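Atoms within a ligand are numbered from 1 in the order they appear, just like the ligands themselves. A quick note: this is a predicted structure, and the numbers were derived from the prediction, not measured.
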Amino acid sequence: MSVTGAPLDRTDGILKVTGRACYTADHRLPGLVHAVMVTSTIPSGEITAMDTAASEGMPGVRLVMTPFNAPRLPKGGKAGADTPTAGHVMHLLQDTAVHYNNQPIAVVVADTLEQARAAAARLSVSYRAHDAVLDFGKARAQAGKPQGEDAGGADSRRGDVAAALRAATTTVDAVYTTPMEHHNPMEPHATIAAWNGDALTLYDATQYVSGVRKAVSSTLGIPVDKVRVICPFVGGGFGCKGSVWSHVVLAAMAAREAGRPVKLVVDRTQMFGTVGARPATEQHVVAATGEDGRLQALRHDVVNSTSMIEEWLESCGALTRSLYACPSRQTSHRLAKLHIGTTTFMRAPGEAPGSFALECALDELAEQLGIDPVELRLRNHAESDPQKQLPFSSKSLRECYRVAAERFGWSRRNPAPRSMQANGKLVGLGMATATYPAYRSEASAMARILPDGTALVRTGSQDLGTGTYTVMTQVAADALGLPPERVQVELGDTTFPEAPVSGGSQSVASVAPAVQAAAMTARKQLIRQAVADPASPLSGAPPEDVEIADGWLQRRSDPAQREPIAAPIARAGGKPIEAKASAKPGKEREKYSMHSFGAVFAEVRVDPDLGEIRVHRIVASYGVGRLLNRKTAYNQLMGGIVWGIGMALHEKSELDLATGRVANANLAEYHVPVNADIGTIDVSVVDENDPHINALGTKGIGEIGIVGVAAAIANAVYHATGRRVRDLPITLDKLLD
Ligand code: MOS
């Protein structure tokens with residue numbers, strides 16, 4: 001019996017479609033009151049005064065918290081250095097400085113949400129405005145080196161790029177740009193804060209309950225064990241919920257001041273600034289080969305936007321360092337500071353925009369050389385990691401190219417631009433490579449076998465909607481010898497054993513080995529108890545001859561000798577069997593380079609008169625280790641591809657250069673793909689056996705789906721139209737003269 005790998009339906013699916021899954025803002029607490037954040041309306045300057053009288057006099061209002069009356073926090077409201085997330089600099093009303101437009105500057109608490117909103121709208125704020133830096137196009141000329149923790153990794157150099165460029169016969173030298181984007185998961189950020197004496201309980205929409213716990217305790221100056229963070233369901237994260245932002249601590253402060261539990265939901269407009277963004281990038285790529293198409297030199301110089309208060313390096317050059325075999329490589333990253341909200345992790349940070357530049361440049365190179373784009377990539381295939389100088393723990397990229405090309409029908413492509421048509425539309429076929437590192441961190445879990453013959457598994461991980469509950473159920477069921485419907489998994493609570501941030505595509509690789517280890521330990525304990533029990537039919541059997549199958553303890557050598565798993569527990573007085581285990585990466589991380597890989601093929605149809613682009617098909621194949629659940633895995637890869645389509649054609653946060661506000665801060669004007677924008681998506685995963693990566697052989701799948709998609713589409717648009725668009729998103733105006 002093995003349910004691991006089976007396309008099990010989501011164990012939390014019924015709860016979700018019936019509306020019973022409790023997201024953060026759904027929790028009901030007695031006496032709960034409502035907080036609304038007020039945000040700045042200038043991008044740079046100082047708050048000189050706030051007139052709170054009108055707001056305070058409005059019905060139901062309990063608290064108007066401003067920089068002028070907010071409680072002083074230790075260390076000026078700075079999170080400790082151990083805070084493991086971006087967003088270290090929060091806006092906790094400790095001073096009057098304004099660093100961007102839409103920055104939290106006050107909190108209004110009232111009995112109802114409507115009362116809080118109305119009172120927030122009446123708050124009158126006076127500012128002394130300073131000049132603001134808002135234009136990335138200008139700021140990037142003054143971009144500087146990162147000063148903080150990213151300083152060391154910003155630059156890389158191997159070989160002599162200048163000499164290799166002089167010797168090369170074919171060179172592409174081009175600049176690619178990508179815009180600022182905002183995550184906007186369906187569920188906005190939200191926090192409910194409730195104090196009980198000096199203990200704080202937070203319901204928070206987060207990818208990292210224990211990270212929130214650490215950051216909040218350090219910011220408020222209270223012991224970690226006085227903070228409990230609960231998050232059973234997350235309605236999408238994508239990186240913005242990987243950090244602790246101002247509203248979380250503000251909710252805790254407001255609840256303490258108001259003497260009531262407080263609910264604070266970040267509204268959609270505030271989602272554009274207060275909780276992170278993907279920065280704008282400008283990427284200069286130089287790629288050069290000899291006549292044989294073998295890369296001799298690669299240069300990738302990146303500038304990304306970052307806020308005035310915090311450095312965020314978008315590591316676009318990371319994949320250029322390790323994706324292709326190339327003797328001379330040079331990458332650099334510089335930061336252009338703007339008066340914007342902090343930029344942060346957003347799905348495949350680095351690789352998503354970085355692959356747009358690198359994989360478009362490869363396409364331009366292929367065309368100049370007259371070499372098929374797939375063939376060019378095969379000629380430059382890296383057999384080992386050129387940056388780390390280590391073998392890959394597994395790499396199925398050649399197989400991915402082959403499988404995806406075949407499923408796509410790449411051989412039918414006529415390489416000449418504008419050469420293919422269908423139904424009066426220009427047809428374009430393009431492709432790109434995808435890659436993302438396979439991260440892993442330490443995690444722990446608890447497994448408990450209960451007297452009724454079911455099991456409970458707990459770990460302080462999170463399910464972002466991606467299937468963590470489901471795959472952990474499968475792993476635990478197999479390790480325990482129980483059918484999955486007899487295993488209950490609980491996540492998202494800091495009272496459970498600690499697990500890492502659900503980010504960097506690492507949850508399954510980190511948490512599943514811990515769940516498996518805890519479950520196997522509990523099973524062994526139960527077997528030991530049964531064979532030591534004179535009343536058991538298994539009494540005296542060697543433990544290794546006893547297995548648990550479908551909820552029965554039985555002799556391997558004679559399955560007729562058996563009893564239900566509940567029986568020995570009942571005879572021992574009903575005490576559950578419980579085991580806790582941790583799992584962490586070991587030495588293999590120093591011996592191997594670990595990445596997921598994939599190949600993405602896109603077919604676009606472009607209206608020759610109107611420039612309208614439709615993505616007719618995406619065919620993608622991935623090597624991502626072993627799949628624990630084919631259904632949730634394919635689902636997640638497809639979701640990444642859909643986002644890649646949005647990145648290619650739709651998404652852009654328009655910063656108003658007069659005010660520093662995001663002008664399209666809503667889901668009507670910030671365009672994301674809808675069903676009608678998505679054609680056929682064909683995902684396949686090649687068999688991959690990676691003995692080095694972890695006990696289950698799994699690699700992450702959360703981010704790789706978006707990687708390469710925008711490049712494949714841009715390359716397809718070029719093939720359809722002969723027009724090379726190096727600036728995302730590819731809107732129809734860029735195809736029309
Ligand atoms: Mo992901 S951007 O690491 O949540």
Enquirer: Using a 4.0 Å cut-off to any heavy atom of R347, which atoms of ligand 1 qualify?
Expert: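 Listed by number with element, the hits are 2 (S).
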Enquirer: For K16, I'd like to know if atom NZ has over 12 heavy atoms of other residues, nucleotides or ligands within 6.0 Å.
Expert: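 Yes.
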Enquirer: Which of the numbered atoms in ligand 1 are below 4.0 angstrom from a heavy atom of F238?
Expert: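 That gives atoms 2 (S), 4 (O) of ligand 1.
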Enquirer: I'd like to check L335 versus N304 (side-chain heavy atoms, cut-off strictly below 4.5 Å). Are they in contact?
Expert: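 Yes, side chains in contact.
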Enquirer: Take the angle between the ring planes of F392 and H595 and call it parallel below 30°, perpendicular above 60°, tilted in between.
Expert: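 Plane angle over 60°, so perpendicular.
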Enquirer: Would you mind running through ligand 1 and noting each atom that sits below 4.0 Å from a heavy atom of P349?
Expert: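 Heavy-atom distances to P349 below 4.0 Å select 2 (S).
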Enquirer: I need the nearest protein heavy-atom contact for atom 1 (Mo) of ligand 1: residue, atom name and distance, please.
Expert: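 For atom 1 (Mo) of ligand 1, the nearest protein heavy atom comes out as E703 OE2, 3.2 Å.
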Enquirer: Taking 4.0 angstrom as the limit and counting only heavy atoms of F345, give me the atoms of ligand 1 inside it, by number and element.
Expert: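 Here the atoms of ligand 1 in question are 2 (S).
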Enquirer: Tell me: protein heavy atom nearest atom 3 (O) of ligand 1, and distance?
Expert: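 It is G504 N, 2.5 Å.
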Enquirer: Is there a heavy atom of G242 sitting under 4.0 angstrom from any atom of ligand 1?
Expert: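 Per 4.0 Å heavy-atom rule, G242 does not contact ligand 1.
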Enquirer: Between Q207 (side chain) and G239 (backbone), is there a donor-acceptor pair under 3.5 Å?
Expert: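 A pair under 3.5 Å: yes.
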Enquirer: Do side-chain atoms of E311 reach the backbone of G148 as a donor and acceptor pair under 3.5 angstrom?
Expert: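 A pair under 3.5 Å: yes.
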Enquirer: Is the shortest side-chain heavy-atom distance between M594 and P437 below 4.5 Å?
Expert: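 Contact flag for M594/P437 side chains = no.
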Enquirer: Quick check: Q207 and ligand 1, any N/O pair under 3.5 Å apart?
Expert: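 Yes - when backbone and side-chain N and O of Q207 are compared with those of ligand 1, one distance drops under 3.5 Å.
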